[in-house]
Amino acid sequence: MSYQTEYQSSLQDPEGFWARQAQKLDWYRPADEVLSTDEDGLYRWFKGAMTNTAYLALDYHVENGRADQVAMYYDSPVTQTKAQFSYRQMRDRVAKIAGGLKKLGVCKGDTVIIYMPMIPEAVMSMLACARLGAVHSVVFGGFAPHELAIRIDDARPKVLITASSGIEVDRIIPYKPMVDKAMELAEYKPKKVVIFQRKLGALVPSKDYDVDFEEMEEQAEYVGCTPVYATDPLYILYTSGTTGKPKGVVRDNGGHAVALRYSMEAIYGIKPGDVYWAASDIGWVVGHSYIVYAPLLTGATTVLFEGKPIRTPDASTFWRVISEYQVKVMFTAPTAIRAIRKEDPKGQFIKQYDLSSLKFQFLAGERCDVDTLTWLQGQLGIPVVDHWWQTESGWPMLSNFPGIELLEVKPGSVSKPVAGYDLRILTEAGEESPAGEEGYVAVKLPLPPGCLPTLWNNVEGFKSSYLERFLGYYFSGDGGFKDAEGFTYITGRVDDIINVAGHRLSTVEMEEVVAAHPDVAECAVIGADDSLKGQIPLALVVCHQTGRPFIEVAEEIVASVRSEIGAVAALKKVYQVPRLPKTRSGKILRKLLRAIVNAEELKIPSTIDDPAIVEEINDIVHPSVKQITS
Ligand code: COA
Ligand code: AMP
């Protein structure tokens with residue numbers, strides 16, 4: 001079948017198309033309606049159907065000839081550990097962990113927060129929640145206690161699961177003290193904290209609410225899978241929005257399973273038994289979808305990698321993993337490739353490994369520069385596919401399709417819409433933009449299965465964030481254009497979200513922390529282009545006249561962003577400026593600031609209150625450029 005036929009059939013008859021895809025899964029009960037709307041007027045897929053995602057991901061394969069196939073390889077260069085788990089072993093451990101959680105009172109519909117490093121128990125905990133029909137919310141380990149506390153208060157988990165520590169290259173990160181701090185900060189108190197002891201020498205303070213993970217698992221009884229409705233939530237994943245508060249993206253059970261199962265074959269060209277590796281973290285959507293759920297729903301083998309593309313121990317580590325586990329398709333962020341290329345520009349490490357198993361390399365999570373993509377393609381000699389999606393969609397929206405038809409790989413483009421996504425580029429007025437003209441990337445409703453049906457306890461926020469900008473469309477927050485052949489190019493966010501090393505962060509959230517410093521009168525946090533991380537945050541601050549050296553203030557600001565949001569925010573540059581450029585009505589001109597910081601062509605709006613400030617800030621942020629030109 002050609003891509004075009006597949007795509008057209010998904011738009012002409014969405015219900016028929018997705019009903020056919022749903023038949024590939026083993027349901028407890030079929031849907032009453034394939035597509036319907038709920039009491040809030042929001043689209044829902046597979047109403048009335050009953051399923052269990054952990055059953056589909058594990059038990060189904062155990063019962064259908066894959067019991068002894070490896071479900072997951074665990075490779076941890078930071079602890080020098082390797083392990084593998086067959087589908088049967090995974091199912092058995094997940095069933096006991098679920099039994100342990102059940103004993104702690106976790107029932108269908110309850111929420112559980114998982115704040116863990118990249119260890120097998122993290123994946124098993126996610127699946128154990130799914131087995132019980134409980135809703136997990138994984139919080140990325142790079143977030144600080146304050147961020148964890150915000151998520152505890154919003155998700156109100158009965159239980160929080162953590163580990164004693166994580167490892168960042170060679171540095172032990174004690175998780176438990178951060179969890180205890182978050183428990184103090186949060187208004188809502190989970191009943192129990194289950195800790196997996198990694199025995200890495202990290203401090204593990206004990207509290208009344210602590211439960212030992214291994215003891216819990218050992219003493220537990222196996223529990224079966226609780227049937228849930230397709231429309232019941234499987235997980236909540238918090239992501240940065242345009243306000244200071246993260247948004248709880250909800251994923252349902254049925255549509256999610258159907259969409260991910262479809263994506264593995266159609267997009268990635270993965271069949272049951274193949275090995276697939278997404279080098280991400282389970283704290284991000286890529287980890288949820290393509291480390292945990294999609295490979296297991298497909299009966300493929302996934303790789304859980306606890307390390308970095310470089311320094312664990314060097315830039316060869318990705319190629320070693322691919323060759324050691326015979327990975328067929330790999331997925332990572334362009335930042336990782338830029339980091340590898342910096343260390344190994346001639347690809348000497350790549351040549352040392354037999355990479356013949358690798359058929360396609362996928363990239364996503366941030367914009368991929370053409371140079372990085374062509375370098376990688378040249379080194380690997382296979383198609384490198386840049387594809388585009390978001391936490392909200394949960395699976396790719398624009399991609400190439402090795403599983404159906406490999407389209408021309410046009411560097412710089414994220415190719416064409418995936419089945420089910422009626423993707424349009426809209427003008428400010430909501431009209432369709434002509435080819436070649438940049439506009440807003442939107443998807444005509446309904447979104448296909450797998451995409452967020454709503455935000456956790458925030459239907460109004462869902463509508464205002466995504467559905468109200470262009471009526472009848474989901475608005476992605478990204479800008480882009482299509483060329484004459486319909487290939488799409490993403491030009492970047494049109495809001496205050498930035499992408500730092502593939503990590504999505506809100507500048508507004510950082511501004512709240514910077515502005516809270518007593519010496520700061522006002523501030524703006526801007527995404528600055530970075531040759532390694534894509535973007536890095538940079539703070540411009542106007543200070544009160546206190547007489548304190550600015551260097552001290554700047555150090556305190558950096559430390560507070562690190563302690564309030566987390567090391568992953570990577571705010572390291574703070575500039576003192578006399579004023580911020582504003583409109584006459586007092587609105588900060590962020591677009592102008594972005595242009596100044598990134599040394600782009602400056603279009604100074606006529607509404608600016610004080611044009612002289614532009615040159616002053618330019619001199620502060622780019623002093624060397626000034627010296628050269630003057
Ligand atoms: N727990 C605790 N701290 C964490 C963490 C975690 N899970 N993840 C990152 N951090 C810390 C890092 O240690 C670092 O701290 P530092 O400032 O004290 O050095 C900081 O957060 C920034 O981390 P990171 O963005 O990973 O930068 P890095 O300089 O350590 O590594 C890269 C650079 C390019 C190697 C790394 O960013 C990378 O591998 N990027 C790919 C990202 C990716 O796969 N994203 C998933 C989307 S698909
Ligand atoms: P996240 O929700 O963390 O996955 O981040 C989603 C955002 O990352 C998107 O809205 C884009 O801004 C950006 N993004 C993801 N993939 C790509 C890509 N392939 N090209 C350009 N931007 C991307």
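Here the shortest heavy-atom pairing between A122 and I282 reads CB-CD1, 3.4 Å. Heavy-atom minimum distance, Y238 versus A155: OH-N, 3.3 Å. Here the shortest heavy-atom pairing between V223 and A98 reads CG2-CB, 3.4 Å. Across all non-hydrogen atoms, the minimal contact from L304 to I119 is CD2-C, 3.4 Å. The nearest pair of heavy atoms linking D274 to A300 is O-CB, 3.2 Å. The minimum heavy-atom distance linking V135 with P233 is given by the pair CG2-O, 3.6 Å.
No side-chain heavy atom of H387 sits under 4.5 Å from any side-chain heavy atom of V418. Using a 4.5 Å heavy-atom cutoff, the side chains of M126 and H288 are in contact. Taking the side chain as every heavy atom from C-beta outward, V275 and K328 never approach each other to under 4.5 Å. Y421 is listed as a side-chain neighbour of C451, based on a closest heavy-atom distance under 4.5 Å. The side-chain heavy atoms of Y466 and L455, taken from C-beta on, include a pair separated by under 4.5 Å. Between M183 and K207, the closest side-chain pair of non-hydrogen atoms is not below 4.5 Å. At least one side-chain heavy atom of R251 sits less than 4.5 Å from a side-chain heavy atom of V285. Within the 4.5 Å cutoff, the side chain of K47 has no heavy atoms near those of the D38 side chain.
Using a 4.0 Å cut-off between charged side-chain N and carboxylate O, E121 and R93 make a salt bridge. With respect to E265 and K24, no salt bridge is recorded, no charged nitrogen being found less than 4.0 Å from a carboxylate O. A salt bridge links D210 with K176; the closest basic N to acidic carboxylate O contact falls under 4.0 Å. Looking at R131 and D59, a side-chain N of the basic residue comes within less than 4.0 Å of a carboxylate O on the acidic one, giving a salt bridge. In this structure, E33 does not pair ionically with R44, as no charged nitrogen and carboxylate oxygen lie closer than 4.0 Å. Checked for salt-bridge contact, K103 and E215 miss the test: no charged N lies under 4.0 Å from a carboxylate O.
The distance from the NE2 atom of H61 to the OH atom of Y87 is 4.5 Å, given to the nearest 0.5 Å. In this structure, CE in M116 is found 10.0 Å from CG in L160, a value given to the nearest 0.5 Å. Rounding to the nearest 0.5 Å places CD of Q197 at 10.0 Å from OG1 of T162. The structure places CE of M124 at 13.0 Å from CZ of R91, a figure rounded to the nearest 0.5 Å. Rounding to the nearest 0.5 Å places CG of N253 at 9.5 Å from CE of M50. To the nearest 0.5 Å, atom CG of residue L42 and atom OG1 of residue T37 are 8.5 Å apart.
Summarising the local packing, CD of E468 is surrounded by more than 12 heavy atoms from other residues, nucleotides or ligands at distances under 6.0 Å. For Y229, the OH atom counts as loosely surrounded, since its 6.0 Å shell holds 12 or fewer non-hydrogen atoms of other residues, nucleotides or ligands. Annotation: K158, atom NZ; neighbour count of heavy atoms from other residues, nucleotides and ligands within 6.0 Å is above 12. Atom OH of Y60 sits in a sparse spot, with 12 or fewer heavy atoms from other residues, nucleotides or ligands closer than 6.0 Å. Within a 6.0 Å sphere centred on NZ of K189, other residues, nucleotides and ligands contribute more than 12 heavy atoms.
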For L101 and I161, run side-chain contact (heavy atoms from CB on, under 4.5 Å): C-alpha distance rounded to whole Å, both residues' side-chain angles, the deciding distance at 0.1 Å, then the answer.
-> CA-CA 10 Å; L101 291 174; I161 311 176; 3.9 Å; yes
Let me see the working for I498 and M510 under side-chain contact (heavy atoms from CB on, under 4.5 Å), right down to the final yes or no.
-> CA-CA 11 Å; I498 58 170; M510 287 188 232; 4.1 Å; yes
Take T391 and W284, measure what side-chain contact (heavy atoms from CB on, under 4.5 Å) needs, and give me the verdict at the end.
-> CA-CA 8 Å; T391 305; W284 305 111; over 6 Å; no
Can you list the steps and then say if S263 with Y290 is a side chain to side chain donor-acceptor pair (under 3.5 Å)?
-> CA-CA 10 Å; S263 73; Y290 293 105; 2.7 Å; yes
Where do Y276 and F331 land on the side-chain contact (heavy atoms from CB on, under 4.5 Å) test, with the steps shown first?
-> CA-CA 8 Å; Y276 179 92; F331 176 170; 3.5 Å; yes
Could you go through the side chain to side chain donor-acceptor pair (under 3.5 Å) check for Q390 and S476 one step at a time?
-> CA-CA 8 Å; Q390 318 178 289; S476 69; 4.5 Å; no
Given K463 and D40, is the salt bridge (charged side-chain N to carboxylate O under 4.0 Å, His left out) satisfied, shown in steps?
-> CA-CA 10 Å; K463 290 182 178 170; D40 298 308; 5.3 Å; no
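Separation of the Y268 and W395 ring centroids does not fall under the 6.0 Å cut-off. If you look at W18 and Y262, their ring centroids are closer than 6.0 Å. Taking the six-membered ring where the residue is Trp, the centroids of Y73 and W277 are separated by 6.0 Å or more.
Side-chain contact check for Y209 and D180: at least one donor-acceptor pair (N or O, by modelled atom type) lies under 3.5 Å. No side-chain N or O of D68 forms a donor-acceptor pair with one of S86 less than 3.5 Å apart.
No donor-acceptor pair closer than 3.5 Å links the side chain of T312 to the backbone N or O of P77. With hydrogens and angles ignored, the 3.5 Å screen pairs a side-chain donor or acceptor of S289 with a backbone N or O of G394. Side-chain atoms of Q69 come within 3.5 Å of backbone N or O of G299 as a donor-acceptor pair. Here the side chain of R156 pairs no donor or acceptor atom with the backbone of T111 at under 3.5 angstrom. With E509 contributing its side chain and S240 its backbone, the two residues share no donor-acceptor pair below 3.5 Å. Not a single donor-acceptor pair under 3.5 Å links the side chain of S164 to the backbone N or O of V204. Under the 3.5 Å distance criterion, the side-chain polar atoms of S76 are left unmatched by any main-chain donor or acceptor of T81. When atom types are taken as modelled, the side chain of N52 and the backbone of T226 share a donor-acceptor pair closer than 3.5 angstrom. A donor-acceptor pair under 3.5 Å links the side-chain atoms of S137 to the main chain of I236, judged by distance alone.
Sorted by first then second residue, the ring-ring contact (aromatic ring centres under 6.0 Å, His included) pairs that include residues 152-196, not counting sequence neighbours, are Y115-Y175, F196-F213.
For Y28, the ring pair (Phe, Tyr, Trp, His ring centres under 6.0 Å) test picks out Y55, with sequence neighbours left out. Judged as a salt bridge (charged side-chain N to carboxylate O under 4.0 Å, His left out), and not counting sequence neighbours, K96 has no contacts.
Taking the six-membered ring where tryptophan is involved, the planes of F46 and W27 are tilted, since the angle between them lies from 30° to 60°.
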